[in-house]
Each structure stands twice: as C-alpha cells, then as structure tokens.
Amino acid sequence: MIVGVVGKIAAGKTTVAKFFEERGFCRVSCSDPLIDLLTHNVSDYSWIPELPEKAEPTRERLIEFGKCLKETYGEDILIRLAVDKMRHCEKVVIDGVRSEGEIRAVKRLSGKVIYVEARPEIRFERLMRRKASKDKGIRSFADFKAMDDAEERLYHTSELKGLADYVIVNEGTLEELREKVEAIIEEVVG
C-alpha cells in the first residue's frame, strides 16, 4: 500500500504523512532521495541513477537536481527511488509528491493520493514557525510568495488537486487535521 501526499509549501504534507507513520506506515519524502544523493548517503538504496558532486541540500539545489534527474530518468524517478529506499515496508507514505508524473507513478503502484491545501497566509506563518534550514532564504511574505509562485510555475501544484483521491483543507487545529487523516487511513487500510 502506497499513499502519496501532495500540496504547496507548508500546507501540512509532512504532518499528514506523520499521522500515517503513527499508524504503521513507513514515511519517506520525495526529497529524501535528492538529499541522500547530494550528501552521498546512499546505503539504503538497491540502485542509484547517478551520484552528483557532494553539496549542501538547499531548497534551490534540491529543485535544480530534481529537475535534472527527471529530465534524464523520467518524471517518476523520485517515486521509484523513494519506494526503493522503503522496499522493506508493506505500507509506505510518500511526503512531497510534486508532479503529475509522480502522482501517476503512485497510482500505477495502486496507491492513493491526498492533496493538502491551506491559504498562503497560513502556510507562511507555519513556514516561519518551523524554521527549517531549507527555508532559510525566506524572510518575508514577499519571499515566500516568490518561492510559492516559482514552485507553482515549475510543478503546477494547484492543478494536481484534480488528480488526487482525497483533498484535505488544513486550516484548522492539529486535532481537526488528525480526524480528517484518520478517516482516510480507515478507508485505505480498511
């Protein structure tokens, strides 16, 4: 069983994936293979496409390297690598699915896709609170909006909502989000 989680920056994708993890799913992010390849931490893989020069995995580098891998190895390369990394797991949740090709790859594996959304103002507040190293270039709402718009142009994230099996609006409390996710887990796991 594979579940892919899609959404814009700071919509709550990782939180949704963590709720699945609490219910016995192995959690992996689409960016994990990129980070692993950039930092040369590849022992969890049965194969790797190519090893780039070792580098710090900034958001910009991850996007650039991801684009390069997809052009060379196909739109589904990150899904294939994420699934390979978690090949010992029966149930996998993939956080940060970002493209139509990745959604199609999850569905080809008989997986389900969840689209998580929230208003830009809410996502910006979350991003500021989480203080992730990959987000350190974002200091203002204008910076956030520029990054969000660039990601939209690159991935067309809002168009992916129509391809999802489930849509979660994540603008309430953590407990409200948990209830929405639990309902989906009950449906997909049975």
Side-chain angles (χ1 to χ4, degrees), residues 2-23 25-36 38-39 56-67 70 78-79 82 92-103 106 111-185:
I2 295 176
V3 173
V5 185
V6 187
K8 292 181 169 252
I9 300 169
K13 298 179 299 291
T14 300
T15 304
V16 167
K18 284 179 178 175
F19 290 149
F20 273 87
E21 186 176 35
E22 289 171 8
R23 292 288 301 271
F25 280 70
C26 295
R27 180 172 60 93
V28 62
S29 170
C30 264
S31 59
D32 287 353
L34 295 171
I35 293 167
D36 292 343
L38 282 169
T39 59
E56 183 189 347
T58 61
R59 186 178 290 275
E60 292 75 21
R61 252 192 217 112
L62 293 172
I63 289 170
E64 197 52 47
F65 184 47
K67 234 168 42 177
K70 287 176 182 185
L78 299 181
I79 299 297
V92 177
V93 60
I94 304 174
D95 173 8
V97 174
R98 292 230 190 290
S99 69
E100 185 175 338
E102 290 175 352
I103 287 175
V106 168
K112 297 291 183 189
V113 175
I114 301 169
Y115 186 91
V116 186
E117 65 182 354
R119 291 189 314 273
E121 298 77 15
I122 291 173
R123 295 186 293 112
F124 173 68
E125 285 173 27
R126 287 180 187 149
L127 187 123
M128 291 290 93
R129 277 197 311 265
R130 76 182 184 194
K131 294 182 169 68
S133 62
K134 68 182 177 182
D135 300 326
K136 63 184 170 199
I138 301 172
R139 291 192 173 81
S140 67
F141 187 71
D143 291 344
F144 170 77
K145 197 76 182 96
M147 175 64 76
D148 201 38
D149 292 345
E151 194 168 90
E152 179 64 31
R153 282 191 303 278
L154 183 62
Y155 301 120
H156 309 287
T157 315
S158 32
E159 294 172 22
L160 303 177
K161 181 178 175 179
L163 300 173
D165 299 292
Y166 302 94
V167 175
I168 294 176
V169 177
N170 179 23
E171 295 181 345
T173 66
L174 199 55
E175 211 36 60
E176 288 169 330
L177 178 62
R178 181 184 295 277
E179 285 173 23
K180 292 174 183 179
V181 173
E182 287 292 333
I184 294 170
I185 291 171

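The shown structure was predicted, so the numbers you read here are calculated from the model rather than taken from an experiment. Index from 1, following the sequence. Heavy atoms only: backbone and side chains are in, while hydrogens, waters and symmetry mates are out.
Lys145 has a carboxylate O that lies under 4.0 Å from a charged side-chain N of Asp149, or vice versa, which qualifies the two as a salt bridge. One finds no salt bridge joining Lys8 and Glu151 here, because no Lys/Arg side-chain nitrogen approaches an Asp/Glu carboxylate oxygen to under 4.0 Å.
By the 30° and 60° cut-offs, the orientation of the rings of Phe144 relative to Phe124 is tilted.
The line from CD1 of Ile103 to OH of Tyr115 is 9.0 Å long, rounded to the nearest 0.5 Å. Interatomic distance, Glu171 CD to Leu177 CG, rounded to the nearest 0.5 Å: 11.5 Å. Rounding to the nearest 0.5 Å gives a distance of 10.0 Å between CG of Leu78 and CD1 of Ile94. One finds the CD1 atom of Ile184 at 11.0 Å from the NZ atom of Lys112 (value rounded to the nearest 0.5 Å). Atom CG of Leu160 is separated from atom OG of Ser99 by 7.0 Å, given to the nearest 0.5 angstrom. Rounded to the nearest 0.5 angstrom, Asn170 CG and Arg126 CZ are separated by 4.0 Å.
Closest approach of Gly96 and Cys30 over heavy atoms only: O-CB, 3.3 Å. Pro33 and Ala82 get closest at one heavy-atom pair: CG-N, 3.8 Å.
Without hydrogens or angle criteria, Arg123 side chain to Ile9 main chain gives a donor-acceptor distance under 3.5 Å. Side-chain atoms of Asp143 come within 3.5 Å of backbone atoms of Arg139 as a donor-acceptor pair (strictly under, hydrogens ignored). Without hydrogens or angle criteria, Arg27 side chain to Asp95 main chain gives no donor-acceptor distance under 3.5 Å.
For the pairing with Lys70, the salt bridge (charged side-chain N to carboxylate O under 4.0 Å, His left out) check across Glu100, Glu64, Glu102 returns one residue only, Glu102. When Val97, Ile114, Val5, Ile168 are each tested for a side chain to side chain contact (heavy atoms under 4.5 Å, CB included) with Lys13, only one passes: Val5.
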Please test Phe65 against Ile35 for side chain to side chain contact (heavy atoms under 4.5 Å, CB included), starting from the C-alpha separation and ending with a verdict. CA-CA 10 Å; Phe65 184 47; Ile35 293 167; over 6 Å; no

Please test Met147 against Glu60 for side chain to side chain contact (heavy atoms under 4.5 Å, CB included), starting from the C-alpha separation and ending with a verdict. CA-CA 10 Å; Met147 175 64 76; Glu60 292 75 21; 3.5 Å; yes

Candidate pair Lys18 and Thr14, rule side chain to side chain contact (heavy atoms under 4.5 Å, CB included), full reasoning: CA-CA 6 Å; Lys18 284 179 178 175; Thr14 300; 3.7 Å; yes

For the pair Arg178 and Thr15, evaluate side chain to side chain contact (heavy atoms under 4.5 Å, CB included) and give the outcome as yes or no after the intermediate values. CA-CA 9 Å; Arg178 181 184 295 277; Thr15 304; over 6 Å; no

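Put simply, the side chain of Leu163 does not reach to within 4.5 Å of the side chain of Val113, judged on heavy atoms. Residues Thr39 and Pro57 are in side-chain contact: their nearest non-hydrogen atoms beyond the backbone lie under 4.5 Å apart. Val6 has its side chain out of reach of Tyr155: every pair of non-hydrogen atoms, C-beta onward, lies at least 4.5 Å apart. Counting only heavy atoms from C-beta outward, the side chains of Glu22 and Phe19 approach each other to under 4.5 Å.
There is a side-chain donor-acceptor pair under 3.5 Å between Glu152 and Ser158.
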